[in-house]
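One structure is given here, and the rest of the page talks about it.
The chains referred to below are lettered A, B, ... by the order of the sequence lines, with proteins before strands, and numbering in each begins at 1.
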Protein chains: 2
Amino acid sequence: MTKSERTYSISELAREFAITPRALRFYEDKGLLSPRRDGMNRVYLSRDRARLVLILRGKRVGLSLIEIKEILDLYNADENHRLQNHLALKKFKSRVVALEEQRKDIDDAIETLRDAVNRLEKQLEAPAPKAQVASARAYDREARKRLQDA
Amino acid sequence: MTKSERTYSISELAREFAITPRALRFYEDKGLLSPRRDGMNRVYLSRDRARLVLILRGKRVGLSLIEIKEILDLYNADENHRLQNHLALKKFKSRVVALEEQRKDIDDAIETLRDAVNRLEKQLEAPAPKAQVASARAYDREARKRLQDA
DNA sequence: GGTTAGCATGACGTGAACGTCAACGTCAAG
DNA sequence: CTTGACGTTGACGTTCACGTCATGCTAACC
């Protein structure tokens, strides 16, 4: 009794991940996916689904499809080729470094936006009584300068 | 005595940030920068430089130029329009949420790659004596399955 | 004064990642 | 039996973010 794995049609899989069938065909065209066939029709197994998860996550972190393909290929490379693996190791490590730098960028962007949010909230909750207007505006200019010139 | 601010020519600024003059003109065309002019020639002030820093960081975190422009515009919006500011506040907050999600994606990607790196290093440092080959390979298959099916 | 370097403005080209449309096959429902 | 719903393969269109000329001005150097 062969345990029949869960399968997906192209539109099923597309719906689940909020993408289009066209995108799935495109990924296949670029060698990122290779679903089985039932006659002409594509049949996706959970292996394919798992790869798709990695593909989409790769996209979200800003990798190109080619880069994603390279990673997936290295990932599934034959474990007996030491040279291959040594290369993969180097590439993975540099990829990690790049991602860490990107993480830093995101942290910085979040901080900048949070500062802006605080500035705006403070401004909105205070209807700005005239007496304080001048100094408040001066303060505000300073805050903005710090943000701009950083 | 007017304190003459530091200025940059287009190619100076381009060199500093490892981009091309064409890119700077493109950003200007899209309304992200608006340098002064000396005759025909563009003159960038430190304000422009600061904006450019934000632009490039925005790009690195995956924002489109249009999104970046919107943020910069909101950022520099006239502080007297309460409705405007309320809108900006909402947009900034949702942007922060999006960035936090993206950071999660990056953390996940880093973790996946680190696991792969560990797997590869273990494999490379052990020349795989025959006695252990079978079980090692079985372990490896498991590790890979966990990574794939996650 | 010719040449080089740097700047300008078009205008067309390009690669990535799909969208969109045409033309066709297929299978279950009414 | 014909209508939909779903699938297929081309092939062309589109958006983004520039790259790459072509052409021309201008200021500095030899």
Side-chain angles (χ1 to χ4, degrees), chain A residues 6-45 48-49 51-73 95 98 102 105 109, chain B residues 6-45 48-49 51-73 95 98 102 105 109:
Chain A
R6 166 84 205 267
T7 70
Y8 309 81
S9 80
I10 189 166
S11 52
E12 278 172 5
L13 200 57
R15 252 194 312 276
E16 181 177 353
F17 290 96
I19 60 179
T20 66
R22 167 66 174 142
L24 286 172
R25 294 195 190 100
F26 187 75
Y27 299 156
E28 181 176 349
D29 210 60
K30 297 296 167 181
L32 289 144
L33 288 175
S34 34
R36 304 289 111 58
R37 296 288 183 134
D38 174 15
M40 285 273 84
N41 293 16
R42 290 168 175 80
V43 177
Y44 297 86
L45 306 184
D48 302 310
R49 206 195 93 109
R51 271 181 86 91
L52 180 57
V53 169
L54 295 179
I55 291 170
L56 295 179
R57 198 177 63 193
K59 286 202 57 182
R60 286 197 302 274
V61 306
L63 301 184
S64 74
L65 294 186
I66 295 181
E67 292 172 317
I68 296 171
K69 174 178 163 49
E70 196 194 344
I71 292 177
L72 288 177
D73 288 355
R95 198 50 94 184
Q102 199 182 338
D105 280 330
Chain B
R6 166 84 205 265
T7 71
Y8 309 81
S9 80
I10 189 167
S11 51
E12 277 172 5
L13 200 57
R15 252 194 312 277
E16 180 178 354
F17 290 95
I19 61 179
T20 66
R22 167 64 174 145
L24 286 172
R25 294 196 190 99
F26 186 75
Y27 300 155
E28 181 176 349
D29 209 62
K30 297 296 165 181
L32 288 143
L33 288 175
S34 35
R36 306 287 111 57
R37 297 288 183 132
D38 174 15
M40 287 272 84
N41 293 14
R42 289 167 176 83
V43 177
Y44 297 86
L45 304 185
D48 303 309
R49 205 195 95 109
R51 271 181 87 91
L52 181 57
V53 169
L54 294 179
I55 292 170
L56 296 179
R57 197 177 64 194
K59 287 202 56 183
R60 285 197 302 274
V61 307
L63 301 183
S64 73
L65 294 185
I66 296 181
E67 292 172 317
I68 295 172
K69 173 179 164 50
E70 196 194 345
I71 292 177
L72 289 178
D73 286 356
R95 198 50 93 185
Q102 198 183 338
D105 280 330

Show me the protein contacts with nucleotides 9-11 of chain C, counting only N or O atoms at under 3.5 Å.
from   : atom 1 : to       : atom 2 : distance (Å)
dT9(C) : OP1    : Arg37(B) : NH1    : 3.2
dT9(C) : OP1    : Arg37(B) : NH2    : 3.1
dT9(C) : OP2    : Arg42(B) : NH1    : 2.8
dT9(C) : OP2    : Arg42(B) : NH2    : 2.7

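- Closest non-hydrogen pair, Gly31(A) versus Arg51(A), comes out as O-NH2, 4.4 Å.
- dA17(C) atom P lies 8 Å from atom OH of Tyr27(A), rounded to whole Å.
- Here Arg37(B) pairs with Glu28(B) under the side-chain hydrogen bond (donor to acceptor under 3.5 Å, both in side chains) rule; sequence neighbours left out.
- Rounding to the nearest 0.5 Å gives a distance of 15.0 Å between CZ of Arg42(A) and OG1 of Thr7(A).
- Listed by residue number, Ser64(B), Leu65(B), Ile66(B) are the residues of residues 61-69 of chain B with a heavy-atom contact under 4.0 Å to DNA chain D.
- For the atom pair Arg25(B) CZ and Thr20(B) OG1, the distance stands at 8.5 Å (nearest 0.5 Å).
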Per-nt protein contacts along nucleotides 23-29 of chain C (heavy atom under 4.0 Å; B base, S backbone sugar-phosphate only, - none) come out as -------
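- To the nearest 0.5 Å, atom CD1 of residue Ile10(B) and atom CG of residue Asn41(B) are 9.5 Å apart.
- Atoms CG (Asp29(A)) and C1' (dA16(C)) sit 13 Å apart, rounded to a whole Å.
- Here dA17(C) presents its C1' atom at 13 Å from CD1 of Ile55(A), a figure rounded to the nearest Å.
- Counting 5' to 3', DNA chain D first comes under 4.0 angstrom of a heavy atom of chain A and last does so at the ends given by dC6(D) to dT9(D).
- Between the CD atom of Glu12(B) and the C1' atom of dG6(C) there is a distance of 11 Å, given to the nearest Å.
- Applying the side chain to side chain contact (heavy atoms under 4.5 Å, CB included) criterion to Ser34(A), with sequence neighbours excluded, gives no partner residue.
- One finds the CD1 atom of Ile19(B) at 4.0 Å from the CG atom of Leu24(B) (value rounded to the nearest 0.5 Å).
- Ranking dA8(C), dG6(C), dC18(C) by closeness to the Lys59(A) side chain, first place goes to dC18(C).
- Between Val43(B) and Asp48(B), the shortest heavy-atom contact is O-OD2, 4.1 Å.
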Pairs of donor and acceptor atoms involving the side chains of residues 55-71 of chain B, under 3.5 Å and at least two apart or interchain, shall be tabulated with distances.
from     : atom 1 : to        : atom 2 : distance (Å)
Arg57(B) : NH2    : Thr112(A) : OG1    : 2.8
Arg60(B) : NE     : Asp105(A) : OD1    : 3.4
Arg60(B) : NE     : Asp105(A) : OD2    : 2.7
Arg60(B) : NH2    : Asp105(A) : OD1    : 3.2
Ser64(B) : OG     : Glu67(B)  : N      : 3.2
Ser64(B) : OG     : Glu67(B)  : OE1    : 3.4
Glu67(B) : OE1    : Ser64(B)  : N      : 2.8
Lys69(B) : NZ     : Asp73(B)  : OD2    : 2.9
Glu70(B) : OE2    : Lys91(B)  : NZ     : 2.5

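- Atom CG of residue Leu32(A) and atom OH of residue Tyr27(A) lie 8.5 Å apart, to the nearest 0.5 angstrom.
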Check against side chain to side chain contact (heavy atoms under 4.5 Å, CB included), Tyr44(A) and Leu52(A): CA-CA 10 Å; Tyr44(A) 297 86; Leu52(A) 180 57; over 6 Å; no
